[in-house]
Chemist: 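Below is the structure I would like to discuss, written out as structure tokens.
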Amino acid sequence: MADELTPETPEEEQPKKTHKQRKNGLYPGVSDELAESMRTGWADTELHGLEPIAQAAHTAARRAALSARFPGERLVVPAGRLKTRSNDTEYPFRASTEYAYLTGDQTENGVLVLEPTGETGHTATVYLLPRSNRENGEFWLSGQGELWVGRRHSLAEAEQLLGIPAKDVRELAEALTEAEGPVRAVRGHDSGIESALTDKVTKERDEELRVYLSEARAVKDEFEIGELQKAVDSTVRGFEDVVKVLDKAEATSERYIEGTFFLRARVEGNDIGYGSICAAGPHACTLHWVRNDGDVRSGDLLLLDAGVETHSLYTADVTRTLPINGTYTDIQRKIYDAVYESQEAGIAAVKPGAKFRDFHDASQHVLAEKLVEWGLLEGPVERVLELGLQRRWTLHGTGHMLGMDVHDCAAARTEAYVDGTLEPGMCLTVEPGLYFQADDLTVPEEYRGIGVRIEDDILVTEDGNRNLSAGLPRTSVEVEAWMARLKG
Ligand code: GLY
Ligand code: MN
Ligand code: MN
């Protein structure tokens, strides 16, 4: 019967009964005859001669750099585990950025371990769940069995694909508990691995590993730049999709826009890289408006901030602020054109050797000038900037690093990021905005409820920069012409 089907499986890995099995009448009773039937009669589907994944050579170089930074120490980088959404359903899984960056793999429960080979050098092993056991019924009786969730790669297949030796992850916790010598782990993804390491790691040392992995991602290699361009290209198509259905959004809500963009993200990529901001009318003034349940009205603006994440987990981060009926009003155009001018100044300041802060300063300067020119702030501009008075309406920083995380390299030290210098291969957003809240009594009424942001993804090149998202128009006139063409 059912209990006899789990003889050698460690307790935490024993097949769990799922609601699906209960529903299908498979629980609680499984006859010996059925159990025997399910054990046998399956073809050998092992795959041979697999080609390594496209990023395998790059991940090897990344692991070599990591190894050189932490000689003589065991390094543990988990992919993470499924997170419960409710009862026995889980959120879609997304591997930790650190794990995917170092292995190219995205399997839940995976763990990369770099084992020191002496004073220098490491051997890498990726610990994974192997194919489901058919002998003990795991493959059909466990909620995570392959019959329920789909075929996994065997360890031998994973080795060929990733170019890294693979072992059974169910043996890892014990091996880590018994292991001697210094260890560092990336925290926050896998509580099982963290418990196995409790007595061996410290927060401070683990933080150094996290900081290193954040800073290591600042300069993108050729593969990563290609993926970022793919993410942006899909995003451009997603924006076009949205423009084509604005009438349907007017008849429903911002959710129609969210769903339309999501369709493109799921069909061409892995997912959206962050919650899409589909902000119509005054919602544009709420910086992270992701409820997306508001009305879409002709005459208002739509601020759409969205990005497709590729199958290799690189994301775009693009914003356009569009007139819902295809034509900007005078006040909308005035504000839009000011933000455009500010963005132009910011993009021009992105080049190798420039300080990271330069593009922010250049953008803010233009916005402060406009606010003084419009009589919303009293000059001189330098005083406004010194006191930061423009920030009532500019609200946020002008950009951030972009990569596998939308706010990439977030654990980098200030001196390596915000106070750092731009280098070829870095990719960042330039995204100034002006936001006049609907209840802001310090501005004339015609400004209230208007929010404009323009955001592009800019690659630092040897001699300046390249706008990866130039496929979307940016000037107000070009935006109108583009919308007219698409709505045709
Ligand atoms: N989408 C969030 C941001 O622009 O930073
Ligand atoms: Mn954005
Ligand atoms: Mn951004």
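In listed order, ligands and their atoms are each counted from 1. In this chain, numbering begins with 1 at the start of the sequence shown.
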Chemist: Counting only N and O atoms by type, is there a donor-acceptor contact under 3.5 Å from the side chain of Arg453 to the main-chain atoms of Asp305?
Modeler: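 Checked: no pair found.
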
Chemist: Strictly under 2.8 Å of the Mn ion (ligand 3): which protein N/O/S atoms qualify?
Modeler: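 Near the Mn ion (ligand 3), the protein supplies Asp317 OD2, His400 NE2, Glu431 OE2, Glu455 OE2.
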
Chemist: For Glu378, does the CD atom sit with more than 12 other heavy atoms under 6.0 Å from it, leaving out its own atoms?
Modeler: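 Result for CD/Glu378: open.
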
Chemist: Ser469: which residues meet the side chain to side chain donor-acceptor pair (under 3.5 Å) condition with it, sequence neighbours left out?
Modeler: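 Residues passing side chain to side chain donor-acceptor pair (under 3.5 Å) with Ser469: Asp456, Asn467.
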
Chemist: May I have the N/O to N/O pairs between ligand 1 and the protein that fall below 3.5 Å, each with atom names and distance to one decimal?
Modeler:
residue: ligand 1; atom: 1 (N); partner: Asp305; partner atom: OD1; Å: 3.2
residue: ligand 1; atom: 1 (N); partner: Asp305; partner atom: OD2; Å: 3.1
residue: ligand 1; atom: 1 (N); partner: Asp317; partner atom: OD1; Å: 3.2
residue: ligand 1; atom: 4 (O); partner: Asp305; partner atom: OD2; Å: 3.3
residue: ligand 1; atom: 4 (O); partner: Asp317; partner atom: OD1; Å: 3.4
residue: ligand 1; atom: 4 (O); partner: Asp317; partner atom: OD2; Å: 3.2
residue: ligand 1; atom: 4 (O); partner: Glu431; partner atom: OE1; Å: 3.0
residue: ligand 1; atom: 4 (O); partner: Glu431; partner atom: OE2; Å: 3.4
residue: ligand 1; atom: 4 (O); partner: Glu455; partner atom: OE1; Å: 3.3
residue: ligand 1; atom: 4 (O); partner: Glu455; partner atom: OE2; Å: 3.2
residue: ligand 1; atom: 5 (O); partner: His400; partner atom: NE2; Å: 3.0
residue: ligand 1; atom: 5 (O); partner: His407; partner atom: NE2; Å: 2.7

Chemist: Would the distance check show the side chain of Thr89 and the main-chain N or O of Arg85 forming a donor-acceptor pair, the cut-off being under 3.5 Å?
Modeler: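 Answer holds: no.
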
Chemist: Under the side-chain contact (heavy atoms from CB on, under 4.5 Å) test, which residues partner Leu377, sequence neighbours left out?
Modeler: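 Partners of Leu377 by the side-chain contact (heavy atoms from CB on, under 4.5 Å) criterion, ordered by chain and then number, come out as Leu371, Val372, Val384, Leu389, Gln390, Trp393.
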
Chemist: Does Arg291 offer a backbone N or O that forms a donor-acceptor pair with the side chain of Arg255 under 3.5 Å?
Modeler: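 Yes; at least one donor-acceptor contact below 3.5 Å.
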
Chemist: With no hydrogens and no angle check, is any side-chain donor or acceptor of His400 less than 3.5 Å from a backbone partner on Val406?
Modeler: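 Looks like yes, one N/O pair under 3.5 Å.
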
Chemist: Does Phe70 have Arg184 sitting over its ring (NZ/CZ under 6.0 Å from centre, angle to axis within 45°)?
Modeler: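 The answer is no, since Arg184 fails at least one limit relative to Phe70.
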
Chemist: Counting only heavy atoms not in Arg466, do more than 12 fall under 6.0 Å of its CZ?
Modeler: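 Open.
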
